[in-house]
Amino acid sequence: MQKRMLGDLEVSALGYGAMGLSHAYGASLDEKESIYLLNKAYDEGYTFIDTAEVYGPYFNEELVGKAFSKIKDKVQIATKCGIRLAEHDRGLPLPDSSPAFIRKSLEGSLKRLNIECIDLYYLHRIDPKHEPEEVAELMASFIKEGKIAHWGISEANEDYLRRADKVCKVSAIQNRYSLMYRDYEKLFSVLEELNIGFVAFSPLANGFLSAAYQKGVKFDEKDDYRASMPQFKDESYAQNKDLLALITGLAQKYDATCAQISLAYLLGKRPYVVPIPGSRHEARIVENAAAVNINLSHDDVKAISSALDNMTISEVFGGTKK
Ligand SMILES: NC(=O)c1ccc[n+]([C@@H]2O[C@H](COP(=O)([O-])OP(=O)(O)OC[C@H]3O[C@@H](n4cnc5c(N)ncnc54)[C@H](OP(=O)(O)O)[C@@H]3O)[C@@H](O)[C@H]2O)c1
């Protein structure tokens, strides 16, 4: 697979989001199947693997550690810290950037991932009780100790990014970015100015943009977050009629699938955007990987952006901003 740069970290142009193997999309897959899928992703060229302490919790990092124990130097592993898991508050994470908490997380992640140095360590959520400079200093000390190689911020904003980057070079942000949620394009100019990459999470709007889920689709209310995501409600299908028609039309034009077009659009927006789609299905992991070979023309990328600016799009999980 082609490569892209996040600051000075080289990664595969698409990363594999491991979260869904054991978090948010129903009961966890078993270990054997998860490791098989992680290895399959690697075989398809995804060398950039995304996990987090809270996925599982903990279990997801262990899977990644086991899957890549023999090829540690061939993958770039990203994980995240800074969330206290309030176990009874499903989906309501509590940020905690206190140095003692983060240091304890780091030691745990290194152990579970079975590595000596994390390629990219993100602050998962900003904690307003701790200044960006304090967190950046902590990350600088981890880099000095050789425990992390690069750091990043998830759900970053411009002020935090600028202040943190002054203290310790930030390599990447990881924010929501898809055809249904483009609000963080407002960060493009600061990312370019500071040479920071943009890792796009939920790039398929949790699968909705693949057009594989029809109106009336049902998910397990107990442990599949999609059951309450607004984009999968019956009424959203009418609201997204134009969006689905746009993607389907492009899929025909490029002899591609809707998921591939959705990923190719993000890749075509900026050379430092790295989407990290997740899937529990081998065939979809292969399908998504092939999106890097679809080069949407510059005119098509512009036309899609302008069509999106002018169309009705339903609410999407995590925000409503186009
Ligand atoms: N930093 C953060 O706060 C944050 C938040 C959310 C996610 N993330 C990261 O971003 C990664 C991806 O995000 P995400 O899982 O939220 O959203 P996503 O990648 O947009 O969507 C994943 C969903 O789409 C489905 N899917 C994937 N490829 C498909 C295809 N070709 N055709 C049809 N359906 C397809 C998957 O279903 P199947 O599994 O059934 O194929 C899965 O349910 C996560 O794994 C995680 O690492 C980070």
Side-chain angles (χ1 to χ4, degrees), residues 11 14-29 33-34 37-38 40-41 44 46 48-56 60-61 63-64 77-83 85 91-93 95 120-126 152-156 172-181 184 198-214 217 219-220 223-227 229 231-232 244 247-248 251 256-266 273-291 294 316-319:
V11 297
L14 282 180
Y16 176 69
M19 176 187 81
L21 299 173
S22 58
H23 182 83
Y25 294 119
S28 298
L29 282 191
E33 203 175 345
S34 298
L37 291 172
L38 285 161
K40 182 69 200 170
E44 284 303 311
Y46 303 82
F48 182 42
I49 310 295
D50 191 74
T51 180
E53 180 186 52
V54 296
Y55 302 159
N60 202 271
E61 287 186 331
L63 292 172
V64 171
I77 292 178
T79 191
K80 317 184 190 78
C81 64
I83 289 186
L85 199 79
L92 285 180
L120 177 56
Y121 198 45
Y122 297 102
L123 181 69
H124 205 154
R125 288 290 179 271
I126 288 172
I153 301 156
S154 177
E155 296 213 334
I173 63 163
Q174 184 179 131
N175 285 20
R176 185 179 307 280
Y177 187 27
S178 73
L179 285 158
M180 294 181 88
Y181 191 92
Y184 290 118
F198 186 161
V199 176
F201 79 70
S202 303
L204 297 172
N206 310 96
F208 183 85
L209 291 166
S210 68
Y213 303 88
Q214 307 306 321
V217 62
F219 299 105
D220 186 351
D223 48 16
D224 193 327
Y225 291 13
R226 288 172 296 184
M229 289 184 183
Q231 65 267 39
F232 293 107
L244 291 168
I247 314 171
T248 309
T257 66
C258 291
Q260 289 169 339
I261 292 295
S262 302
L263 296 170
Y265 171 73
L266 302 181
V273 170
V274 176
I276 49 167
S279 174
R280 292 178 166 202
H281 291 95
E282 182 174 343
R284 291 175 175 175
I285 291 173
V286 175
E287 173 191 336
N288 295 344
I294 297 165
V316 61
F317 181 63

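Counting starts at 1 for both ligands and their atoms, following the listed order.
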What pair of heavy atoms forms the shortest contact from [X] to [Y], and how long is it?
X      : Y      : answer
Leu266 : Ala200 : CD1-CB, 4.2 Å
Ile285 : Ala41  : CG2-CA, 3.8 Å
Leu37  : Tyr16  : CB-OH, 4.5 Å
Leu263 : Ala291 : CB-CB, 3.8 Å
Gly318 : Tyr181 : O-CE1, 4.2 Å
Glu53  : Glu61  : N-OE2, 3.4 Å

Looking at [atom], what's its closest protein heavy atom, distance included?
atom                    : result
atom 28 (N) of ligand 1 : Asn288 ND2, 3.0 Å
atom 47 (O) of ligand 1 : Asp50 OD2, 2.6 Å
atom 37 (O) of ligand 1 : Tyr213 OH, 3.3 Å
atom 12 (C) of ligand 1 : Ile276 O, 3.0 Å
atom 33 (C) of ligand 1 : Ser210 OG, 3.1 Å
atom 22 (C) of ligand 1 : Gly278 O, 3.4 Å
atom 17 (O) of ligand 1 : Ser202 CA, 3.2 Å
atom 15 (O) of ligand 1 : Tyr25 OH, 2.9 Å

Say whether [X], considering both its backbone and side-chain N or O atoms, lies within less than 3.5 Å of an N or O atom on ligand 1.
X      : answer
Pro277 : no
His281 : yes
Leu204 : yes

Legend entry - Heavy-atom proximity to atom 10 (O) of ligand 1, best of Phe317, Tyr225, Phe201, Phe219: Phe201
Would you kindly specify which portion of [X] sits under 4.0 Å from ligand 1, judged on non-hydrogen atoms: side chain, backbone, both or neither?
X      : value
Glu155 : neither
Ser279 : both
Pro203 : both
Arg226 : side chain
Tyr122 : neither

Inset, instruction - Look at ligand 1 and say whether Gln260 reaches it with a heavy atom at a distance under 4.0 Å. - result: no
Inset, instruction - Give a yes/no verdict on whether any heavy atom in Tyr55 is under 4.0 Å from an atom of ligand 1. - result: yes
Legend entry - Gap separating the CD1 atom of Ile261 from the OG atom of Ser210, nearest 0.5 angstrom: 13.0 Å
Inset, instruction - Could you tell me the separation between the CZ atom of Phe201 and the OG atom of Ser154, rounded to the nearest 0.5 Å? - result: 5.0 Å
Can a donor-acceptor pair be found, under 3.5 Å and without considering hydrogens, that links the side chain of [X] to the backbone of [Y]?
X      : Y      : result
Tyr46  : Ala289 : yes
Gln231 : Ala205 : yes
Glu287 : Gln260 : no
Asn206 : Arg226 : no
Lys80  : Thr51  : yes
Arg280 : Glu33  : no
Asp50  : Met19  : no

Per-atom contacts, ligand 1 versus [X] - under 4.0 Å to a heavy atom:
X      : value
Gln174 : 1 (N), 2 (C), 4 (C), 8 (N), 9 (C), 48 (C)
Ala18  : 45 (O), 47 (O)
Arg280 : 38 (P), 39 (O), 41 (O)
Arg125 : 2 (C), 3 (O)
Gly17  : 11 (C), 44 (C), 45 (O), 47 (O)
Glu287 : 31 (N)
Ser154 : 1 (N), 2 (C), 3 (O)
Ala205 : 20 (O)

Legend entry - Pairwise side-chain contact, Val273 with Tyr177, heavy-atom cut-off 4.5 Å (strictly under): yes
